[in-house]
Amino acid sequence: MRYIPNTEQERQEMLAVIGVASVNDLFADIPTAVALKCDLQLPGPMAEPDVMRHLRSLSRLNGSADDYISFSGAGAYNHFVPAAVKHLIARGEFATAYTPYQPEIAQGTLQAIFEFQTLICQLTGMDVANASMYDGASAAAEAILMAQRINDRSEALIATSLHPDYRQVISTYTKQIGISLNDIGLAADGSVDLAALRARISERTACVVVQSPNFFGGIEDLAAIAAIAHEQGALLVVAVAEPVSLGLLAPPGQFGADIVVGEAQAFGNPISFGGPYIGFFAIKNDPKGKIVRKMPGRLVGETTDLDGKRGFVLTLATREQHIKREKATSNICSNEALCALAATIHLSLLGKHGLKELARQNFRNAEYAKREIAKLPGYGLLFSRPTFNEFAVKTPISADDITHRLSDHKLIGGVNLTPSYPQFGHAMLLCVTEQHRKDDIDRLVTLLREMA
């Protein structure tokens with residue numbers, strides 16, 4: 001968005017046209033208790049070199065995964081991004097997040113999105129994937145809305161082991177449209193409590209939403225969950241926050257998932273202080289193609305032109321900008337095309353064997369860290385469930401205290417579980433990827449031992 005300065009006279013003329021006395025009148029709906037009553041404490045005008053120097057000094061106050069060794073995950077994963085990814089997405093023809101509306105001049109962008117959809121289907125074992133979502137959390141919420149459109153039911157059962165941020169976004173999406181949300185608790189090993197699920201599910205249940213690997217890194221028994229859901233005519237929605245796991249684990253589609261959503265940030269996209277990220281959404285379609293029309297967002301398809309040449313078009317776009325509002329499945333405006341391109345390039349560079357090797361390195365490194373930390377006095381694994389690259393640890397002191405002390409040694413600790421799961425007491429979620437070397441893990445273990 002361009003910055004267009006206005007003189008005081010021009011501002012007064014605009015205010016007179018719309019019938020208000022001052023700019024403050026435009027913000028009358030903001031309660032006075034929270035309204036800012038003073039000017040922002042900003043420095044005065046600076047020359048361009050001074051501005052750059054000032055901004056660099058501010059940036060140095062931040063610590064990043066380049067400066068620190070990070071053991072934090074929980075949906076934001078520090079994986080290596082090959083230089084080729086950054087080089088290719090910087091090309092001018094790709095530097096946009098917008099959907100290509102004119103296929104005759106955007107064949108390259110459309111093909112890149114088509115390849116992204118294809119890779120997501122291969123990863124998840126599903127039939128159809130759309131041209132990206134905002135992020136994993138909003139994709140999970142959209143999956144519930146789609147389930148309601150399919151079976152016209154009003155309840156969603158949400159696993160307690162689903163990422164807390166996903167659960168909050170789901171609540172925001174659904175609380176005004178008559179969908180009730182009910183939690184399915186944890187079994188002792190940190191997975192979905194199948195007995196509780198079986199007791200709670202009913203003919204009102206539109207879908208069961210689980211995450212695997214779950215928020216604690218645990219691998220869920222998706223086949224058993226799918227069987228319980230399908231007995232009652234409910235859909236199974238599986239969220240995958242760490243898609244590198246699919247290099248080792250069988251895809252959710254193989255276990256009966258109806259909708260698979262998740263976050264593809266782990267492929268080609270840096271942590272970036274939380275965004276932009278790239279949600280994915282994939283489904284099992286019916287033979288008549290009716291279910292696919294209930295998907296949010298849009299699909300890019302392959303076709304041929306009048307001369308028989310291969311081409312790509314927007315095949316389906318069930319959103320408000322293309323069709324009548326009451327028939328739209330979502331209000332998604334910009335797809336995450338640039339982030340999706342980064343993921344596509346990264347996956348193409350890895351290939352099937354490379355992805356499997358990447359997943360193995362993540363698994364091995366995390367298992368080593370898990371074993372060593374579990375030996376420490378005062379520490380212990382919170383759950384016994386097999387995990388992938390993340391695991392929950394009971395700690396002798398608060399996770400925030402541990403993280404603060406680790407920062408003095410240029411390490412970033414795990415995520416504090418206590419705010420979202422106070423029943424665990426002092427507990428931390430740690431993540432280990434291919435970016436960690438053995439001496440990084442050993443250093444963490446030594447520091448944790450000293451804190452105990």
Is there a side-chain contact between [X] and [Y], using heavy atoms and a 4.5 Å cut-off?
| X | Y | answer |
| --- | --- | --- |
| Ile291 | Ile283 | yes |
| Ile219 | Leu249 | yes |
| Met146 | Ile259 | yes |
| Asn416 | Ser398 | no |
| Leu222 | Val238 | yes |
| Leu123 | Leu355 | yes |
| Gln361 | Gln435 | no |
| Ser161 | Val192 | yes |

Within [range] or reaching into it, pairs that qualify as salt bridge (Lys or Arg N to Asp or Glu O under 4.0 Å) - sequence neighbours excluded:
| range | answer |
| --- | --- |
| residues 247-267 | none |
| residues 416-441 | Lys438-Asp442 |
| residues 153-168 | Glu155-Arg200, Glu155-Arg204, Arg167-Asp183 |

Exercise for the section: Count the heavy atoms of every other residue, nucleotide or ligand shown that sit under 6.0 Å from NE2 of His404, and state whether that count exceeds 12. Expected result: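 Open.
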
Exercise for the section: Inspect the surroundings of CD in Gln423 and state if more than 12 heavy atoms from other residues, nucleotides or ligands are less than 6.0 Å away. Expected result: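 More than 12 heavy atoms, drawn from other residues, nucleotides or ligands, come within 6.0 Å of this atom.
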
Smallest separation among heavy atoms of [X] and [Y], with atom names:
| X | Y | result |
| --- | --- | --- |
| Ser72 | Gly413 | CB-O, 3.4 Å |
| Ala239 | Leu162 | CB-CD1, 4.0 Å |
| Ala76 | Ile271 | CB-CG2, 4.1 Å |
| Phe80 | His346 | O-CE1, 3.4 Å |
| Ala264 | Asn269 | O-ND2, 4.3 Å |
| Val237 | Ala143 | CG1-CB, 3.6 Å |

Handout entry: Partner of Tyr77 by side-chain hydrogen bond (donor to acceptor under 3.5 Å, both in side chains), out of Glu390, Gln265, Glu242
Key =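 Per the side-chain hydrogen bond (donor to acceptor under 3.5 Å, both in side chains) rule, the option paired with Tyr77 is Glu390, out of Glu390, Gln265, Glu242.
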
Problem - Reported CG-to-OG1 distance for the pair Asn182 and Thr205, which is rounded to 0.5 angstrom - result: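 Reported value, rounded in 0.5 Å steps: 8.0 Å.
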
Problem - Leu110 side, atom CG; Leu314 side, atom CG - distance, nearest 0.5 Å - result: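 Here the rounded value is 6.0 Å.
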
Pairing residues for [X] by the side chain to side chain contact (heavy atoms under 4.5 Å, CB included) criterion, not counting sequence neighbours:
| X | result |
| --- | --- |
| Lys290 | Asp286, Lys288 |
| Leu42 | Leu40 |
| Ala282 | Ile120, Thr124, Met126, Ala129 |
| Leu349 | Pro82, Ala84, Val85, Ile345 |

Problem - Partners passing ring pair (Phe, Tyr, Trp, His ring centres under 6.0 Å) against His426 (at least two apart in sequence or in another chain) - result: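 Testing His426 for ring pair (Phe, Tyr, Trp, His ring centres under 6.0 Å), a comparison that skips the adjacent residues, returns none.
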
Looking only at atom types and distance, does a side-chain atom of [X] sit under 3.5 Å from a main-chain N or O of [Y], one as donor and one as acceptor?
| X | Y | result |
| --- | --- | --- |
| Asp127 | Asn285 | yes |
| Tyr379 | Leu448 | yes |
| Thr433 | Asn78 | yes |
| Thr315 | Gly301 | yes |
| Lys175 | Ser180 | no |
| Asn130 | Arg298 | no |
| Gln117 | Val300 | yes |
| Ser212 | Asn214 | no |
| His230 | Ala227 | no |
| Ser132 | Glu336 | yes |

Exercise for the section: Write out all pairs satisfying ring-ring contact (aromatic ring centres under 6.0 Å, His included) with one or both partners inside residues 239-263, taking only residues at least two apart or from two chains. Expected result: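 Pairs touching residues 239-263 that pass the test: none.
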
Practice task
Go through the steps to decide whether Leu444 and Leu406 satisfy the test side chain to side chain contact (heavy atoms under 4.5 Å, CB included), and finish with yes or no.
Solution key: CA-CA 8 Å; Leu444 170 67; Leu406 288 175; 3.9 Å; yes

Handout entry: Derivation of the side chain to side chain contact (heavy atoms under 4.5 Å, CB included) call for Glu302 and Thr118
Key = CA-CA 11 Å; Glu302 182 181 0; Thr118 303; over 6 Å; no

Problem - For Glu367, all residues meeting side chain to side chain donor-acceptor pair (under 3.5 Å), sequence neighbours excluded - result: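 Lys370.
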
Handout entry: salt bridge (Lys or Arg N to Asp or Glu O under 4.0 Å) partners for Arg364, two or more places apart
Key =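 So Arg364 forms a salt bridge (Lys or Arg N to Asp or Glu O under 4.0 Å) with Glu357.
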
Practice task
Assert yes or no for the condition that the ring centre distance of Phe216 to Tyr421 is strictly below 6.0 Å.
Solution key: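 Yes - the distance between ring centres of Phe216 and Tyr421 falls below the 6.0 Å cut-off.
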
Practice task
Please test Phe267 against His79 for ring-ring contact (aromatic ring centres under 6.0 Å, His included), starting from the C-alpha separation and ending with a verdict.
Solution key: CA-CA 8 Å; Phe267 297 128; His79 293 293; 7.6 Å; no

Exercise for the section: Indicate whether any N or O donor in one side chain lies under 3.5 Å from an N or O acceptor in the other, for Thr403 and Asp400. Expected result: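 Distance-only check fails for Thr403 and Asp400.
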
Practice task
For Leu186 and Ser191, run side chain to side chain contact (heavy atoms under 4.5 Å, CB included): C-alpha distance rounded to whole Å, both residues' side-chain angles, the deciding distance at 0.1 Å, then the answer.
Solution key: CA-CA 6 Å; Leu186 289 171; Ser191 64; over 6 Å; no

Practice task
Under the ring-ring contact (aromatic ring centres under 6.0 Å, His included) rule, what do Tyr368 and Phe363 come out as? Steps first, then yes or no, please.
Solution key: CA-CA 9 Å; Tyr368 173 72; Phe363 178 76; over 10 Å; no

Practice task
Apply side chain to side chain contact (heavy atoms under 4.5 Å, CB included) to the pair Ile150 and Leu235, showing each step before the final yes or no.
Solution key: CA-CA 9 Å; Ile150 290 173; Leu235 303 182; 3.8 Å; yes

Practice task
Using the side chain to side chain donor-acceptor pair (under 3.5 Å) rule, collect all pairs that involve residues 51-63, keeping only residues at least two apart or in two chains.
Solution key: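 Non-adjacent pairs meeting side chain to side chain donor-acceptor pair (under 3.5 Å): Asp50-Arg53.
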
